[in-house]
There are 2 protein chains.
Amino acid sequence: MEKKSVETQENILIAARAIFAQKGLAGARMQEIADTAGINKALLHYYYKNKGKLFEQVFDEALKKLFRPMAVFMADDSELFQKIRNICKHYNEVLIDYPFIPNFVINEINSDPTRILKLLDFEGVLEGKKKTEFQINEAVKAGLIRSIDPRELILNVISMSIFPFAARPIIKELLYENEDLNKVLQARADQVADFIIQSIKL
Amino acid sequence: MEKKSVETQENILIAARAIFAQKGLAGARMQEIADTAGINKALLHYYYKNKGKLFEQVFDEALKKLFRPMAVFMADDSELFQKIRNICKHYNEVLIDYPFIPNFVINEINSDPTRILKLLDFEGVLEGKKKTEFQINEAVKAGLIRSIDPRELILNVISMSIFPFAARPIIKELLYENEDLNKVLQARADQVADFIIQSIKL
DNA sequence: CTCCATTTTAACCATATGGTTAAAAAAAAC
DNA sequence: GTTTTTTTTAACCATATGGTTAAAATGGAG
């Protein structure tokens with residue numbers, strides 16, 4: 001019967017992820033989370049003391065999902081073009097499964113900038129960054145790619161990988177009105193990588 | 001003394017833009033808007049009946065700011081490469097002045113998807129779209145650019161133009177910790193255009 | 001059947017918040 | 001100086017919401 005307990009807590013998390021992602025910390029209602037989880041408010045507070053704690057757990061999860069591909073990319077020892085393909089694919093896989101995360105994270109960081117601190121201590125991203133910037137600079141020197149600021153390149157990669165998910169409803173209405181956006185986005189990983197490589201290769 | 005009245009209403013709007021952009025509809029407090037505007041709550045409600053009305057006005061403004069460059073791009077009769085440079089520059093100019101808008105619009109649309117309807121009746125975007133898609137397809141046929149889905153190209157343009165502003169605090173911490181991000185972003189319009197043109201030109 | 005963890009019921013509290021009101025005060029217009 | 005508009009004061013209301021509590025009910029495990 002511990003099983004039931006664990007299952008209930010998982011249902012709460014599932015509900016909380018959906019509600020927080022859609023409405024944010026301020027807009028989410030504990031009652032709605034309880035309803036969505038199929039339980040009542042008392043039980044919700046029985047497992048999660050307060051809204052803030054629940055939010056933090058959900059938010060930290062999301063943060064990790066969003067920054068792990070970045071950390072993996074920075075630490076990746078592959079050759080540059082392969083590395084670019086890897087991060088595009090990696091982001092695409094994660095965001096297909098958790099499409100609400102970019103908007104969620106961006107939004108909540110914006111509404112409470114002190115949360116940026118949580119980014120800073122995120123494992124490995126900043127150390128790997130130097131390595132990757134070095135690698136890009138070397139590729140320029142070696143005449144493998146045209147001259148470009150490493151940070152510009154990285155920014156372009158993540159912009160094209162993440163933005164379509166963050167702005168999903170807008171993109172849908174604007175460009176892919178009559179199509180299954182999921183399929184479009186799924187096919188996009190390779191296209192983005194190609195687009196980038198085409199731009200920088202010599 | 002109408003002047004005072006107009007000035008006060010403008011102060012309210014300025015405050016509302018800042019507060020709504022940072023905290024969203026649900027998170028914004030009328031009291032804080034009043035304080036920021038330098039007036040009291042009673043006067044705030046004297047000029048703007050309720051929170052919803054005030055929000056709508058601010059949101060509609062933002063929507064227009066975000067979609068005008070898109071409409072202009074779609075309707076632009078310039079040659080393709082120049083057209084790409086134009087939209088990059090146009091977006092950059094707007095977003096340097098109103099850097100909070102992308103996050104604001106994306107977030108609120110996500111939190112209340114019925115607001116997407118407001119996009120649909122936005123002037124000119126959808127008509128111009130066909131023309132621009134046609135233009136891109138012709139450029140492919142003419143051997144001016146490599147083969148690419150017009151929508152993919154458009155999506156890449158707006159992703160790279162808008163995302164850095166939406167994710168501004170993250171980008172700052174991650175890539176440009178010790179630099180003036182405004183200057184970086186200001187210089188970016190031409191870089192983005194070049195990046196794209198490099199990728200598609202033959 | 002009995003025990004124990006899980007869950008519900010239902011009432012309740014404190015607080016924050018959007019919004020209102022009426023009268024007074026301040027400021028400008030005439 | 002009188003009138004009109006703008007603004008403040010300050011109290012007030014209704015409601016939503018996060019959170020609590022205690023007792024009852026449920027249901028599986030031994």
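Each chain gets a letter, A, B and so on, in the order the sequences are listed, and its residues count up from 1.
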Test side-chain contact (heavy atoms from CB on, under 4.5 Å) applied to A:Leu66 and A:Ile162, step by step = CA-CA 9 Å; A:Leu66 193 64; A:Ile162 299 178; 4.3 Å; yes

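We find that CD of B:Gln31 is positioned 12 Å from P of D:dT8, with the value rounded to whole Å. Protein atom CG of B:Leu44 is 13 Å distant from nucleotide atom C1' of C:dT17, rounded to whole Å. Here C:dT7 presents its P atom at 16 Å from CG of A:Asp35, a figure rounded to the nearest Å. Taking atom CD of residue B:Glu7 and atom C1' of nucleotide C:dA27, one finds them 13 Å apart after rounding to whole Å. Distance, A:Ile39 CD1 to C:dA5 P: 19 Å, rounded to whole Å. As a whole-Å value, the separation of A:Leu43 CG from C:dT6 P is 10 Å. Rounded to a whole Å, the CD atom of B:Gln9 is 9 Å from the P atom of D:dT6. Rounded to whole Å, atom P of C:dT17 lies 9 Å from atom NZ of B:Lys51.
A sub-4.0 Å separation between OP1 or OP2 of C:dT6 and a side-chain N or O of A:Thr8 is absent. Applying the 4.0 Å criterion to OP1 and OP2 of C:dT7, one finds that A:Tyr47 has a side-chain N or O inside that range. OP1 or OP2 of C:dT8 sits under 4.0 Å from a side-chain N or O of A:Asn40. Taking side-chain N and O atoms only, A:His45 has no distance below 4.0 Å to OP1 or OP2 of D:dT20. Contact annotation: A:Ser5 side-chain N/O to C:dA5 OP1/OP2 distance is not under 4.0 Å.
A perpendicular orientation is assigned to the rings of A:Phe104 and A:Phe55, their planes being inclined by more than 60° (bins at 30° and 60°).
A salt bridge does not link A:Lys23 with B:Asp112: none of the charged nitrogens is closer than 4.0 Å to a carboxylate oxygen. A salt bridge links B:Glu108 to B:Arg115: one of the charged nitrogens lies within less than 4.0 Å of a carboxylate oxygen.
Annotation: of the two residues near DNA chain D, A:Ala26 and A:Ala42, the 5′-most nearest-nucleotide partner is A:Ala26.
If you check every strand for non-hydrogen atoms under 4.0 Å, A:Tyr48 touches nothing. Within 4.0 Å (heavy atoms only), B:Ala28 reaches sugar-phosphate atoms of the nucleic acid but no base atom.
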If you restrict it to nitrogen or oxygen atoms, what contacts under 3.5 Å exist between nucleotides 11-16 of chain C and the protein, and what is each distance?
none

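Side chain of B:Tyr46, nearest nucleotide from C:dG19, D:dG19, D:dT7: D:dT7.
Note that CZ of B:Arg188 and CG of B:Asn92 are 8.5 Å apart. Values are rounded to the nearest 0.5 Å.
Without hydrogens or angle criteria, A:Glu173 side chain to A:Arg168 main chain gives no donor-acceptor distance under 3.5 Å. A donor-acceptor pair is defined here as one N or O able to donate and one able to accept, closer than 3.5 Å; such a pair exists between the side chain of A:Lys51 and the backbone of A:Ala28.
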